[in-house]
Amino acid sequence: MTQEQCPHRNNVQSTEKPQVYKVGIYGWRKRCLYFFVLLLMILIVVNLALTIWILKVMNFTIDGMGHLRITERGLKLEGDSEFLQPLYAKEIQSRPGSPLFLQSSKNVSVNILNEKKQLVSQLVAGSHGVHASGKMLEVKSSAGKLLFSADDHEVVVGAERLRVMGAEGAVFSNSVETPHVRAEPFKELR
């Protein structure tokens with residue numbers, strides 16, 4: 001078939017080379033793209049290294065982190081610990097045979113709240129002394145016998161013997177009722 005027989009072909013023939021169009025990113029755009037990919041890779045490596053370092057320093061394991069271990073009964077904290085915010089717990093106990101130390105630079109406070117989050121009882125041990133507030137205070141012996149009890153209406157001393165050691169003795173503003181009053185051996189009762 002000759003050129004005359006094909007009407008759809010262009011009769012104009014060029015002597016130029018066919019143009020090749022480049023597809024893609026070239027020049028400064030390509031350099032910026034490589035720079036951002038390199039920067040992203042550096043950030044990923046630094047992030048991974050910092051994550052591994054934090055896991056190593058904080059002593060993370062499957063059971064917990066540092067001195068804090070997760071057990072079936074709750075959390076177990078071994079060693080000295082410092083709490084910067086209030087600690088809320090259902091139960092705190094030491095290891096069997098070891099004492100439980102609570103140490104503070106100001107005071108140690110134990111607050112008991114009701115269901116409405118209102119303060120019911122409070123025990124504050126500080127540098128000025130121990131303060132307790134509540135509806136009633138009881139002191140019992142290790143055998144469970146009541147030694148001292150106080151509420152709004154009365155104070156009960158349940159010990160076998162009450163001894164007043166002050167130089168002035170005991171002063172009562174109202175009447176006193178007792179079945180027996182006795183002085184120290186070989187001393188006067190005044």
Side-chain angles (χ1 to χ4, degrees), residues 43-178 181-184:
L43 286 176
I44 289 172
V45 169
V46 168
N47 191 7
L48 185 62
L50 285 175
T51 302
I52 292 172
W53 178 74
I54 288 172
L55 290 174
K56 180 74 174 158
V57 167
M58 295 298 287
N59 195 14
F60 275 98
T61 62
I62 295 173
D63 297 329
M65 76 172 200
H67 296 295
L68 187 66
R69 299 282 177 240
I70 301 168
T71 63
E72 291 128 11
R73 295 188 57 214
L75 296 176
K76 183 178 183 180
L77 187 59
E78 299 169 341
D80 295 339
S81 298
E82 183 174 337
F83 298 97
L84 301 176
Q85 297 293 327
L87 172 67
Y88 300 97
K90 182 179 177 184
E91 180 180 338
I92 299 174
Q93 54 178 248
S94 66
R95 288 183 299 207
S98 299
L100 176 66
F101 291 105
L102 298 176
Q103 183 176 355
S104 173
S105 62
K106 293 186 179 183
N107 64 28
V108 176
S109 300
V110 178
N111 296 328
I112 289 83
L113 307 175
N114 62 8
E115 299 84 23
K116 298 175 186 175
K117 306 288 185 199
Q118 296 170 336
L119 185 65
V120 177
S121 298
Q122 183 178 41
L123 176 68
V124 179
S127 60
H128 298 298
V130 177
H131 302 278
S133 64
K135 292 181 181 177
M136 188 176 73
L137 172 69
E138 280 188 355
V139 178
K140 293 187 177 185
S141 69
S142 57
K145 182 181 175 188
L146 181 67
L147 298 176
F148 181 82
S149 173
D151 60 17
D152 289 341
H153 303 293
E154 68 178 349
V155 174
V156 177
V157 178
E160 295 287 327
R161 186 168 46 166
L162 174 64
R163 187 178 221 180
V164 180
M165 299 291 291
E168 297 293 321
V171 178
F172 301 98
S173 60
N174 291 324
S175 62
V176 177
E177 182 179 329
T178 178
V181 176
R182 155 172 89 108
E184 287 285 327

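Atoms considered below: every heavy atom in the structure, side chains included; atoms not considered: hydrogens, waters and symmetry mates. We're numbering straight along the sequence, starting at 1. Computed from a prediction, not measured in an experiment: that's the story for all the values here.
Annotation: side chain of L75 is in contact with side chain of L68 (closest heavy-atom distance under 4.5 Å). Under the 4.5 Å side-chain criterion, counting only non-hydrogen atoms from C-beta, I92 is not in contact with L102. Side-chain contact between T61 and R69: present, with at least one pair of heavy atoms (C-beta onward) separated by less than 4.5 Å. Proximity of L123 to V130: side-chain heavy atoms (C-beta onward) are separated by under 4.5 Å at one or more points.
Between L113 atom CG and Q122 atom CD the span is 9.5 Å, to the nearest 0.5 Å. K76 NZ to T71 OG1: the interatomic distance, rounded to the nearest 0.5 Å, is 7.5 Å. A distance of 8.5 Å separates CG of N111 from OG of S133, quoted to the nearest 0.5 Å.
Among all heavy-atom pairs drawn from A150 and V155, the shortest one is CB-CG2, 4.1 Å. Of all heavy-atom pairs between G134 and S121, the closest is CA-OG, 4.0 Å. Across D151 and E154, no two heavy atoms sit closer than the pair OD1-N, 2.9 Å. Scanning both residues, G126 and N107, for their nearest heavy atoms gives CA-CB, 3.7 Å.
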Distance-only criterion, 3.5 Å: show the donor-acceptor pairs between side-chain atoms of residues 45-57 and protein atoms not counting sequence neighbours.
{"residue": "T51", "atom": "OG1", "partner": "N47", "partner atom": "O", "Å": "2.8"}

Anything under 3.5 Å between a donor and an acceptor, one on a side chain of residues 135-144, the other on a protein residue two or more places apart or in another chain? List them.
{"residue": "S141", "atom": "OG", "partner": "A143", "partner atom": "N", "Å": "3.3"}
{"residue": "S141", "atom": "OG", "partner": "K145", "partner atom": "N", "Å": "3.2"}

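Within the 3.5 Å criterion, the main-chain N or O of V108 finds no donor-acceptor partner in the side chain of S104.
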